[in-house]
Amino acid sequence: MSKVKYYYDPDTLSYRKIELKKSRRYRNIFLFILGSALFGFLGLIFLLNTNILNTPRELSLSRELKNYELRFQLLNKKMEQIEQVLANIEDRDNNIYRLYFEANPIPEEQRRAGFGGVNRYKSLEGFNNSEMIIATTRRLDVIQKQMVIQSRSLDEITKLAEDKEKLLAAIPAIQPVKNEDLTRMASGYGWRSDPFTKARKMHWGMDFTAPKGVPIYATGDGMVSRADNNASGYGKHIRIDHGYGYMSLYAHLSNYNVKRGQKVKRGDLIGFIGSTGRSEAPHLHYEVWKDEERINPINFYYGSLTAEEFENMLKYANQENQSLD
Ligand SMILES: [Zn+2]
């Protein structure tokens with residue numbers, strides 16, 4: 001209730017009530033309401049900007065948000081660990097596996113490539129925590145892409161390993177006659193004097209001296225492409241086609257244990273020592289061919305011989321003596 005104001009009227013010598021004009025009264029009331037409303041409005045804005053006015057629901061939502069943020073941080077930590085493990089796998093992939101199987105390393109840019117073109121994260125924009133969510137999503141996307149590239153690389157390596165295994169089984173890599181059966185390694189690959197003419201000429205294989213009938217073994221997996229006496233000088237001989245450009249040849253046999261077209265494994269008994277063809281005494285003349293050229297068979301014996309045996313064979317093979325042809 002508003003105060004009633006009085007004034008002294010000298011004419012009537014008495015106090016009289018002050019009567020406000022009606023319009024003025026309304027104006028005051030209006031100003032009062034406007035002021036209150038303004039003050040209330042400013043107060044509300046102030047309260048909303050502080051946490052004083054949070055309802056229980058708002059408080060629980062805000063706690064939940066804090067929890068999400070914490071979870072996102074933990075997820076990012078885990079992703080960091082995954083990235084480290086992946087980097088380690090990629091390093092081994094490039095520098096061991098792919099190197100070993102003679103595949104080109106996958107360049108870093110290709111493994112870490114981002115995603116060009118459209119903005120994939122448009123739908124995640126415009127929120128308070130957009131930055132965090134976009135960064136995490138992008139990180140996961142890159143990891144996912146890295147995994148796909150790594151997985152493909154390992155598929156490729158698996159294929160190469162299978163091929164390599166076949167190749168390793170195919171190339172002529174053992175001695176065709178057992179050491180205990182050898183009388184001696186008569187002559188190696190290189191310039192030797194011809195047993196018949198005594199002239200120096202190239203000896204294209206290795207001669208293994210052993211008594212007639214001693215078993216001869218296939219030196220690698222392959223298919224018998226010839227087993228006949230129709231090549232001049234070689235006498236009864238066997239040729240094994242190993243694939244990958246490799247062929248091995250076994251000459252001067254007394255007998256065959258395989259037929260043309262037969263598939264053989266490394267170590268299979270294929271024939272027997274003899275002295276057929278251009279031969280001075282029972283021995284095996286052994287040749288290795290690569291891409292239609294004869295190469296030195298001695299380069300293929302690693303693994304099947306002890307270090308001492310290999311050294312002995314090297315010594316004999318390098319002696320410039322007379323070959324048995
Ligand atoms: Zn020979």
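Counting starts at 1 for both ligands and their atoms, following the listed order. Residue indices begin at 1 and follow the sequence shown. Everything numeric here is computed off the predicted structure, so don't read it as measured data.
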Checklist entry - Could you go step by step and tell me if D163 and K159 meet the salt bridge (charged side-chain N to carboxylate O under 4.0 Å, His left out) rule? => result CA-CA 6 Å; D163 287 353; K159 177 86 182 52; 3.3 Å; yes

Checklist entry - What angle, to the nearest 10°, do the atoms NE2 (H203) and OD2 (D207) form about the Zn ion (ligand 1)? => result 80°

Checklist entry - Is the closest basic N to carboxylate O distance between R192 and D207 below 4.0 Å? => result no

Checklist entry - Is the distance from the Zn ion (ligand 1) to some N, O or S atom of H283 under 2.8 Å? => result no

Item to check | N, O or S from H285 under 2.8 Å to the Zn ion (ligand 1) | outcome: yes

Checklist entry - Taking everything shown except Y7 itself, do over 12 heavy atoms lie less than 6.0 Å from its OH? => result yes

Checklist entry - For the ring pair H252 and H237, is the centre-to-centre distance below 6.0 Å? => result no

